[in-house]
Amino acid sequence: MAEDVSALFDDYAERFVRGERPDPRAYFERAGEGSDELGTLIDRFLERVPPPAASDDAITLAEAWVAGHSPLVDLRAARGLRREEVVDHLIAALGLDRRKREKVKGYYHELENGLLDVTRVDRRVWEALADRLKVGISDLLAWRPRPLAGAAAYARRNEAVAQWPPAGAPTRLDQESDTVRGTDEIDQLFGRGA
Amino acid sequence: MTYESDAADAQLFSDGNIAGLLAKYNESIVGRCIARLKGSLDAEDVAQNIRLRLLAEFHRGKRYGDLPYRVVVHQVITWTLADYFAGRPTDAPLPDDWNPGGPDFSETVLERHSLMSLLEPLPEREQQVMERYYLLAMDIDQIAADLAIDRNNVDQALFRGRKRLREELAARG
């Protein structure tokens with residue numbers, strides 16, 4: 001049953017100004033048919049209220065992004081974690097077959113470097129990463145690597161996201177999974193499933 | 001109307017700390033994109049392009065005079081969302097003559113980005129409570145102590161203030 005839009009907005013606004021970083025999507029789900037009205041209120045409120053100070057993590061991610069680094073890599077480095085440790089955590093947290101560690105590692109490498117369509121990556125992957133990196137899922141989703149300088153790079157990024165993997169040029173992982181083993185759970189989790 | 005945090009933003013800007021500014025405003029950028037796109041997964045893509053536009057403007061050496069940086073951010077958000085809904089690319093750089101203050105920069109631009117301007121019809125006490133609650137992030141006990149009023153009075157002022165805020169936000173285009 002949908003909740004009252006006024007109450008949802010009041011709760012969102014209060015949490016936002018207190019730096020609790022509420023997720024608008026969660027509020028839309030609760031608002032049901034009132035989500036349009038709630039979206040209007042949230043948009044106009046955010047336009048008028050100064051945000052709270054950024055967290056140290058947000059600054060780390062933003063600095064990496066501005067420098068053209070992978071925010072995920074810099075955050076991992078700031079946590080003192082090796083890629084292998086994060087991969088092992090993903091395998092354990094997602095209950096994956098350890099024999100497919102190299103495949104998970106390959107996907108995680110692509111994720112760190114902005115080569116996966118993050119909108120297709122399963123939420124469980126984000127939850128596991130957020131847990132290991134001690135950061136919010138919204139940060140991981142927001143701070144994807146930026147393209148290299150220049151207007152042409154903007155177009156390249158969009159092509160990369162929209163057409164990845166490029167037509168006619170399957171990746172090693174795709175070839176492996178699609179032609180040898182078929183699409184499996186790992187492909188699905190990282191958004192490469194059918 | 002300007003906010004206390006505007007001065008801190010101006011310092012970050014003059015220090016060349018664009019990362020600090022983007023870190024601070026990212027929640028507003030992403031939040032507005034998700035709100036306007038009604039939760040669509042396109043929101044993060046549009047937010048990325050907004051950050052890219054802000055970064056490009058900064059690297060181009062664009063300066064905005066007395067215009068608070070938060071207004072610049074929100075003007076870029078509004079501009080980029082307009083591009084999105086019009087079916088125009090949101091990843092193209094802003095035009096060279098793009099001016100976030102508009103051709104007739106004035107207090108009206110600031111008012112559009114001011115919470116308190118929405119609450120001016122409220123009695124002064126209610127405005128004080130709302131300002132402390134939403135702009136200074138004080139809790140009810142802190143507000144009661146700061147204004148030397150009863151906690152119940154803070155509650156009542158907040159109730160009326162919130163109602164007014166929602167009404168005004170819904171009415172503004």
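Here is how names work: the chains are called A, B, and so on, in the same order as the sequence lines, proteins then strands, and each is numbered from 1.
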Using non-hydrogen atoms and a 4.5 Å limit, figure out which bit of B:L165 sits close to chain A: side chain, backbone, both or neither.
side chain
Region of A:A67 that comes under 4.5 Å of a non-hydrogen atom in chain B
neither
Please report the interatomic distance NZ(B:K38) to CG(A:D43), rounded to the nearest 0.5 Å.
7.5 Å
Distance-only polar pair, side chains of A:W143 and B:E44, donor-acceptor under 3.5 Å
no
Interface residue of largest heavy-atom contact number with chain B, from A:P24, A:P50, A:A58, under 4.5 Å
A:P50
Tightest non-hydrogen contact, residues B:I34 and A:R25, listed as CD1-NH1, 3.5 Å
Regarding A:E14 and B:R162, does a basic nitrogen lie under 4.0 Å from an acidic carboxylate oxygen?
yes
Is any side-chain N of the basic residue among A:R18 and B:E27 closer than 4.0 Å to the acidic one's carboxylate O?
no
Part of B:L55 within contact of chain A (heavy atom distance under 4.5 Å):
side chain
Whatever's closer than 4.5 Å to a heavy atom in chain A on B:Y133 counts as both
Report yes or no: do A:S6 and B:R166 form a side-chain donor-acceptor pair below 3.5 Å?
yes
Given B:L37, B:I29, B:L21, B:N26, the one with more heavy-atom pairs under 4.5 angstrom with chain A than any other is B:N26
Contacting moiety of B:S28, where chain A heavy atoms sit under 4.5 Å
both
B:D45/A:R144 salt bridge by N-O under 4.0 Å criterion
yes
